[in-house]
Amino acid sequence: MTTLAQLRKAALSFPETVEQATRTATAAFVVGDKPFASLGKDKYVHLHLPAEDAEVMLAAHPVAKPYTRGAVRIGVRVPLGEIDGQQLNHWVRRAWLAHAPKRLAAQVAAADTAAPGAVGDLPKAIGRPATQALASAGITTLDQVAGLTESELSALHGVGPKAVRILAETLSATGRAFKG
């Protein structure tokens, strides 16, 4: 069963995403002042998706419903407990890409092809998911990694305990450490 914590981690893994509280939502996520995902008090995930993506999601998830503002469809609603974590990650990403400023969307899209050992001075041993997560967040150097706390690093979707350990060891070998 997918949880608010998973939605929060997926949404906040994208650059310049901010969580806001609203009257109608338990949690709402915005990028550049544009909402892209929220969890309503009714436990439905609200995803602000382009029409094409909304149609695909509605066809793939029988319990999903159109999300409207008045008579205008602005995305899809799906019960949080009815969508698995991987699906949620995919659709949150699609919603974020549709609402992010172009420069951020391009940065995240470029991270999809980031190869371990080929991004700045990040160590190859951290693997593809961590490399792509860091690149997606605009982090391409060990100096930038050193500016993060271990918990900030761990909060990035794709950066697991092994990558954190390897980054800590690499920083230590050069006389640096995580912030704090």
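The ring pair (Phe, Tyr, Trp, His ring centres under 6.0 Å) contacts involving residues 63-89 comprise His46-Tyr67, His48-Tyr67, where partners must be two or more places apart or lie in separate chains. Applying the side-chain hydrogen bond (donor to acceptor under 3.5 Å, both in side chains) test to pairs two or more places apart or on separate chains, those with a residue in residues 18-32 are Arg8-Glu19.
For Gln144, the side-chain hydrogen bond (donor to acceptor under 3.5 Å, both in side chains) partners at least two apart in sequence or on another chain are Thr140, Thr141. With sequence neighbours excluded, the residues satisfying side-chain hydrogen bond (donor to acceptor under 3.5 Å, both in side chains) with Asp143 are Arg176. Under the side-chain hydrogen bond (donor to acceptor under 3.5 Å, both in side chains) criterion, Arg103 pairs with Glu16, not counting sequence neighbours. By the side-chain hydrogen bond (donor to acceptor under 3.5 Å, both in side chains) test, Ser13 pairs with no residue at all, sequence neighbours left out.
The heavy-atom pair separating Leu134 from Leu167 by the smallest distance is CD1-CD1, 4.1 Å.
Judged purely by atom type and a 3.5 angstrom limit, Ser172 has no side-chain atom pairing as donor or acceptor with the backbone of Ala168. Looking only at distances, a side-chain donor or acceptor of Gln87 sits under 3.5 Å from a matching main-chain atom of Asp84. Thr131 places no side-chain N or O within 3.5 Å of a backbone atom of Ala114 that could act as its donor or acceptor partner.
Separating the CE atom in Met57 from the NE2 atom in His90 is a distance of 9.0 Å, to the nearest 0.5 Å.
Looking at Arg93 and Asp53, no side-chain N of the basic residue comes within less than 4.0 Å of a carboxylate O on the acidic one, giving no salt bridge. A salt bridge links Glu55 with Arg73: at least one charged nitrogen is closer than 4.0 Å to a carboxylate oxygen.
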